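Predicted, not measured: the structure shown is a model, and the values here were computed from it. Counting from 1, the numbers follow the sequence of the chain as shown.
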Amino acid sequence: MALPSYLFRRGAAYSARIRVPLDLVKVIGRKELVKALGTSDLAEAKRRLHPVITNWHREFEDMRARRVLVPADREHAVWDQYTGSLARDDQARAALPGEAEVQAAKAEAIARIERDDISGLDPLQVLDAGLDLMVAQRMADVSSEHRKVKLADLRQHLAKGETALIAHEVDAYLKANRLLVNRGTPEWISLARHMMRAEAEALERSLERDRGDYSGQPRDPLVKPAVGPRRETAKPGETIMDVFEKFARENPNGVAQDRLDQCRRDIGTFVDLVGASFPIAKISKVEVREWKQLLQDYPVKATETKAFAGMTFHQIIRANEQIGKPTLSDRTVNRYLSSLGAFLSWAVDNAYIGENPTEKMMLKKERKTATLPFTSDQLQTLFTSPWFTGCKSATEWRNVAKPGDVLIRDHRYWVPLIMLFSGARPGEIGQLAVNDVRQQHGHWIMHITTEGDETAAGKSVKTAGSMRVVPVHPELIRLGFLTYHETRVKEGGPALFPGAVRNVRGQMMADVSREFGRYMIRIGLKEGRGLSLYSFRHGAADALRRAGHLDQQFGFILGHAEPTTTGKYGIMPQGMLEQRVELVNAIAYPGLNLDHLAA
């Protein structure tokens, strides 16, 4: 089996690898980047791969951004040169000897002549003895003459287009601000000339000071205080993503790996906006507000769309103005804000930032339709369609919607049905081990847990409270679920659904979720938003409400509960299990007939 792009095996362990873009090879000094992922398990390597590759792409984009000067860069360079030069002039003047120092030097010269018994006839001895006195007496005049000469040379160089007098200061500014502009390029030369004009203005002020005038202001309109924001550069180890990885390792809320990976991706779009080197301590409501507003124009599944491949956050939004993909719902935008908010709340507690700028930034209203449950008619249409009754091909997604004699009876068949009669999440079902389905107190149960047999795809749950025992619905038994389970026991292997896999982001059955939405469009069941694989989960909740149960009475069946030892170990008293059996058995859909699937 071919490995995903960017992933390769080195010895027993996996590593990430990426080619450095040709335009950045000279900047980075390498043609390829490699990073060990620290695991020999393929599923775990895929899970760790995405953040590494994403971070590299962000660094590439940040480097590209720093190869181009924006107006604010020149503004700050000019004003820094002007104010810095005047500050150095102040220091130099403070070091000039005053009258007291001149008199002290004169007395010392006389004393040296007397100690050495110099007759005054040897010119060299006299010169040596009076040298300090001459320097002290002439230092201010020499400094002034030096400034006049430098100003004349500077203006001459400006007229000829030469930059030698300022080159080292231009390079020092670029280095300090991590700007990757090469010497000799038009941008570098333009910046140098700007800084030379600033230096000339500073020299004019220093010559005015020689005459005792400290009131002068720049006459060159280019030399003025900077208005635009200065480039932000974080200290090593204190970029936003550096600190996020510390947060992820600590995982203070004990969330599932899938949720951590999702947070990393969500926050990654924020980093894409502000820059990879932006310091976490500088995040304010201004940056969060701009991000929130742009997210409302950000297309759904942008990173999975080939048309947006290689684009930055801003570029994707601009490109989508022509492509016209649906944009994020307010609910999803709030999820992004929640991801950043949880991280920054921890950052506040750990003194990385003073306050959480995401507070009171959530959108209050949904602009778009939330996930809807299926109606009974829609369910009947779905379960009598080729996906469940026979299609042209089970290996080519485009042919699943075409009628044929190929029966799909793997996870793609069972997961929707199990969701329909349990309300469980698709990932929770797809990761089940064979031993997670068993009898207890005379009832068949599914144990949704991270414990027990480990499958190749690994196990995770959304929260600790998501670990739970869910009885198997009688309709699933009638449709042959236990027969399927028995077949898997005979075949061997820990996974109940060995075909259910995680993508490179660690998401279980992401391909099924994506293709299920497309399938519903192909069979005319869906237009726009509303219906998805999660519609089964919403439908199960509605079915329990129709049966007269309150949300707080069945929330634990759906995985909305505080963690318990029962959920962890899957062992519960018979009376408690009987209550759960009664709840699950209450899930029913009037008008839905699945007899054709039981035949």
Practice problem: Using the side chain to side chain contact (heavy atoms under 4.5 Å, CB included) rule, pick out the option among Asn435, Val469, Val470 that qualifies with His447. | Solution: Val469
Quiz item: For Asp377, does its backbone N or O pair with a side-chain atom of Thr381 as donor and acceptor, under 3.5 Å?
Solution: yes
Practice problem: Please determine if Arg518 and Glu515 form a salt bridge, counting it only when a charged side-chain N lies under 4.0 Å from a carboxylate O. | Solution: yes
Practice problem: Report yes or no: does His473 contribute a side-chain atom to a donor-acceptor pair with the main-chain N or O of Ile587 at less than 3.5 Å? | Solution: yes
Exercise. Determine whether the side chains of Arg17 and Tyr6 contain a donor N or O and an acceptor N or O closer than 3.5 Å.
Key: no
Quiz prompt | Pairwise side-chain contact, Gln262 with Arg335, heavy-atom cut-off 4.5 Å (strictly under) | solution = yes
Practice problem: Decide yes or no on side chain to side chain donor-acceptor pair (under 3.5 Å) for Arg9 and Ser40, but give the supporting numbers first. | Solution: CA-CA 8 Å; Arg9 189 163 188 146; Ser40 57; 5.7 Å; no
Exercise. Check for a donor-acceptor pair, side chain of Arg488 on one end and backbone N or O of Gly492 on the other, with a separation under 3.5 Å.
Key: yes
Quiz prompt | Parallel, tilted or perpendicular: ring planes of Trp291 versus Phe270, cut at 30 and 60 degrees | solution = perpendicular
Quiz item: Do Arg249's NZ or CZ and the ring of Trp346 fall within the cation-pi criteria of under 6.0 Å and 45°?
Solution: no
Practice problem: Give me the ring orientation class for Phe343 and Phe244: parallel if the planes are under 30° apart, tilted from 30 to 60°, perpendicular past 60°. | Solution: perpendicular
Exercise. State, without any angle test, whether Glu287 and Ser284 hold a side-chain donor-acceptor pair at a distance under 3.5 Å.
Key: yes
Quiz item: Between Arg478 and Asp595, is there a salt bridge with N-O shorter than 4.0 Å?
Solution: yes
Self-check item: Flag if over 12 foreign heavy atoms under 6.0 Å of CD, Glu355
Solution: no
Quiz item: Taking the six-membered ring for Trp, are Tyr519 and Trp387 parallel (under 30°), tilted (30 to 60°) or perpendicular (over 60°)?
Solution: perpendicular
Exercise. Scan Tyr298, Phe308, Tyr336 and name whichever one has a ring-ring contact (aromatic ring centres under 6.0 Å, His included) with Phe313.
Key: Tyr298
Self-check item: N/O donor-acceptor pair under 3.5 Å between Arg537 side chain and Leu558 backbone
Solution: yes
Quiz item: Is there a donor-acceptor pair under 3.5 Å between the side chain of Tyr14 and the backbone N or O of Lys46?
Solution: no
Quiz prompt | Side-chain donor or acceptor of Lys292 paired with backbone N/O of Met361 under 3.5 Å | solution = yes
Quiz item: Shortest non-hydrogen contact from Ala36 to Ser15?
Solution: CA-OG, 3.5 Å
Quiz item: So, Phe497 versus Trp414, ring centres under 6.0 angstrom or not?
Solution: no
Quiz item: Looking only at atom types and distance, does a side-chain atom of Ser532 sit under 3.5 Å from a main-chain N or O of Tyr534, one as donor and one as acceptor?
Solution: yes
Quiz item: So, is the end of the Arg409 side chain (NZ or CZ) under 6.0 Å from the ring centre of Tyr413 and within 45° of the ring's axis?
Solution: yes
Exercise. Examine the side chains of Asn399 and Ser393 and answer whether a donor and an acceptor come within less than 3.5 Å of each other.
Key: no
Exercise. Could you tell me whether Glu245 and Arg264 have a side-chain N and a carboxylate O separated by less than 4.0 Å?
Key: yes
Self-check item: Short side-chain to backbone donor-acceptor contact, Lys285 and Pro357, under 3.5 Å
Solution: yes
Exercise. Determine the interplanar angle of the Phe516 and Phe374 rings, folded into 0 to 90°, and report it as parallel if under 30°, tilted if 30 to 60°, perpendicular if over 60°.
Key: perpendicular
Quiz prompt | Main-chain N/O of Lys402 paired to Lys392 side chain as donor or acceptor, under 3.5 Å | solution = no
Quiz prompt | Any donor-acceptor N/O pair, Ser385 side chain to Leu382 backbone, under 3.5 Å | solution = yes
Quiz item: What class does the angle between the rings of Phe536 and Phe383 fall in, given that below 30° is parallel, 30 to 60° is tilted and above 60° is perpendicular?
Solution: tilted
Quiz prompt | From CG (Leu7) to CG (Leu37), nearest 0.5 Å | solution = 6.5 Å
